Amino acid sequence: MSAARLRWAEIDLGALAHNVVQLRATLRPGTGMIAVVKANAYGHGAVDIGRAATAAGADWLAVATFDEAAELRTAGIEAPVLVMGPVAPGGEPEAVALDLRLCVYERESLDRLAAAAAASGRHVRLHLKVDTGMARLGCSPDEALLLARRIEEDPLLELEGLWTHFAEADDAGSSRTQQQLQAYLAVLSELASAGISPPILHCANSAAALLFPSTHMILVRVGLPLYGYRSSPGIDPGLDLRPVLAWKGRVVALRDLAPGDRVGYGGTFTASRPTRLATISMGYADGFSRALGGRATVLVAGSRAPVVGRVSMDYVTVDVTGIAEVDLGREVVFIGDDGGEAVDADDLARLLGTISWEILTMIGPRVERVVVGEGSAPVSPSVSEKQLAV
């Protein structure tokens with residue numbers, strides 16, 4: 001990894017720790033926090049984020065897949081890790097060996113996990129997921145007791161958790177969250193009547209944790225707000241969340257265009273005046289969508305520069321006419337602050353008609369994640385023309 005980076009994302013672990021503290025303060029006394037670090041911690045880097053989140057006060061981590069959990073364990077992270085998705089057939093022995101909290105919701109996969117536990121002699125802690133209205137993963141409320149009894153019968157299996165997932169918690173005015181909560185509580189009551197009491201209860205996702213305090217159980221699962229973004233417009237505007245990620249590239253070429261000159265694939269932009277054009281080391285292979293051509297702006301030397309022409313796989317062209325101090329190697333901000341101007345994932349999401357979750361997770365692996373803050377290596381402010389040769 002070179003300090004002379006052409007495309008990178010700066011990950012501010014101080015901002016992450018700040019967000020963890022802010023979010024914990026919103027929870028009811030006695031409620032713990034699961035930091036959701038699936039999808040490479042929403043594009044931020046799961047290992048660094050996992051370590052920082054638990055150091056700042058998160059009690060558990062959660063991921064979507066076994067491979068994501070294995071990455072955390074391989075890195076030496078010992079905190080409880082909940083795998084919220086299924087384990088692929090054949091992967092049960094590895095999952096059992098890594099001491100993970102595993103999700104179950106149907107009999108076939110439960111039996112495979114039981115067989116893996118028996119073969120290894122290892123104790124396995126399971127979280128039974130109930131579908132209360134999301135209609136995605138989870139057993140029906142009518143099936144929950146049968147599956148819970150199957151787990152209770154096996155001395156190597158422990159029903160540690162009961163959980164569900166809300167479909168409309170981002171809408172503070174929706175009645176559906178309370179309906180799902182009541183369905184969840186009804187299952188809990190049915191299990192209790194049968195003498196089954198899972199000790200770890202969790203149903204609140206980020207929006208529910210912040211908008212519906214009645215959904216706080218033993219734990220809540222917090223994702224997007226950890227990274228500095230609101231998961232619902234109804235969340236308290238006074239909550240001080242700080243974006244953790246800044247996304248940057250560099251100017252790798254400069255061109256002067258005459259009126260009538262065309263730019264890029266298909267020549268979709270034609271200069272109407274003498275134009276100074278900068279080519280930036282970022283493209284749709286890095287997560288900057290092709291659909292942003294002619295729509296987005298980036299920050300160059302503290303000014304907004306419009307993206308012109310089509311975004312290509314490796315490069316973006318921007319109009320820097322009239323912007324002083326633009327030279328080869330100049331840092332360009334795709335998400336972040338520069339000279340009093342700012343662009344965030346919500347801004348890009350609005351342009352694309354999508355959500356900030358997708359913008360952050362689209363940032364590709366070619367974009368190096370660089371931890372910034374106390375004790376980290378600074379990003380080189382410039383590089384030579386020779387290093388920029390492409």
Side-chain angles (χ1 to χ4, degrees), residues 2-10 243 245-352 359 362-364 366-368 370 372 378-390:
S2 170
R5 301 173 178 91
L6 293 179
R7 46 178 69 79
W8 71 98
E10 296 173 0
L245 178 145
W247 187 17
K248 300 181 179 182
R250 293 195 191 277
V251 175
V252 294
L254 292 163
R255 298 286 185 272
D256 290 308
L257 306 182
D261 286 349
R262 300 168 71 191
V263 175
Y265 289 117
T268 58
F269 172 80
T270 302
S272 60
R273 53 171 169 72
T275 300
R276 183 75 160 162
L277 195 73
T279 300
I280 316 301
S281 55
M282 197 76 72
Y284 60 75
D286 304 301
F288 195 75
S289 172
R290 190 171 182 269
L292 290 170
R295 304 173 71 185
T297 60
V298 299
L299 305 181
V300 184
S303 298
R304 291 185 178 273
V307 175
V308 297
R310 287 181 177 157
V311 175
S312 61
M313 185 178 291
D314 308 303
Y315 301 106
V316 172
T317 49
V318 303
D319 185 348
V320 294
T321 307
I323 300 177
E325 303 178 5
V326 180
D327 51 9
L328 288 177
R330 167 66 63 177
E331 181 177 292
V332 176
V333 176
F334 289 77
I335 291 177
D337 303 327
D338 187 9
E341 295 284 351
V343 177
D344 64 23
D346 287 332
D347 295 326
L348 297 181
R350 280 189 289 270
L351 292 174
L352 293 175
I359 299 298
M362 282 197 309
I363 299 174
R366 197 165 67 172
V367 178
E368 182 182 357
V370 181
V372 298
V379 176
S380 174
S382 62
V383 291
S384 69
E385 292 187 37
K386 181 178 180 180
Q387 289 168 315
L388 285 168
V390 292

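These figures come from a predicted structure and were not determined experimentally. The figures here come from the full heavy-atom set of this structure, side chains too, leaving out hydrogens, waters and symmetry mates.
Counting heavy atoms from C-beta outward, S272 and P259 have side chains that stay 4.5 Å or more apart. Between V316 and V298, every side-chain heavy-atom pair lies at or beyond the 4.5 Å cut-off.
Considering all non-hydrogen atoms of both residues, Y265 and S312 come closest at CE1-CB, 3.7 Å. Scanning all heavy atoms of the two residues, the minimum distance from L352 to A291 falls at CD2-CB, 3.6 Å. The minimum heavy-atom distance between W8 and R5, with the atom names listed, is CZ3-O, 3.4 Å. Heavy atoms only, all atoms of each residue included: A324 and A301 are closest at O-CB, 3.6 Å. For the pair Y284 and V311, the tightest heavy-atom approach, listed with the atom from each and the gap, is CD2-O, 3.6 Å.
Looking at R330, its side chain does come within 3.5 Å of a backbone N or O of E325 through a donor-acceptor pair. With hydrogens and angles ignored, the 3.5 Å screen pairs a side-chain donor or acceptor of R295 with a backbone N or O of L351. Side chain of T297 to main chain of R304: no donor-acceptor pair is present (N/O by atom type, distance under 3.5 Å, no hydrogens or angles). Using a distance-only test at 3.5 Å, with no hydrogens or angles considered, a donor-acceptor pair links the side chain of T317 to the main chain of V308. Panel note: side chain D344, backbone D347; a donor-acceptor pair is recorded below 3.5 Å.
The residue from T321, L254, V318, V332 that alone fulfils the side chain to side chain contact (heavy atoms under 4.5 Å, CB included) condition with V326 is L254. Checked options V251, V307, V320; the residue passing with I280 is V251 (criterion: side chain to side chain contact (heavy atoms under 4.5 Å, CB included)).
With rounding to the nearest 0.5 Å, the separation of CZ in F269 from CG in D319 is 5.5 Å. A distance of 11.5 Å separates CE of M362 from CG of D286, quoted to the nearest 0.5 Å. Remark: F288 CZ to I359 CD1 distance equals 9.0 Å, nearest 0.5 Å. Atom CZ of R7 is separated from atom OG of S281 by 5.0 Å, given to the nearest 0.5 angstrom. The CG atom of L245 sits 13.0 Å away from the CZ atom of F334 when rounded to the nearest 0.5 Å. One distance of note links CD of E331 with CG of L299; it measures 10.0 Å at 0.5 Å rounding.
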Go through the steps for R366 and D314 under the test salt bridge (Lys or Arg N to Asp or Glu O under 4.0 Å), then give the verdict.
CA-CA 10 Å; R366 197 165 67 172; D314 308 303; 3.0 Å; yes
Could you go step by step and tell me if V367 and M282 meet the side-chain contact (heavy atoms from CB on, under 4.5 Å) rule?
CA-CA 9 Å; V367 178; M282 197 76 72; 4.2 Å; yes
Could you go through I335 and L348, starting from their C-alpha distance and side-chain angles, then the distance that decides it, and tell me whether this counts as side-chain contact (heavy atoms from CB on, under 4.5 Å)?
CA-CA 9 Å; I335 291 177; L348 297 181; 4.0 Å; yes
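Other residues, nucleotides and ligands contribute only 12 or fewer heavy atoms inside 6.0 Å of the CZ atom of R262.
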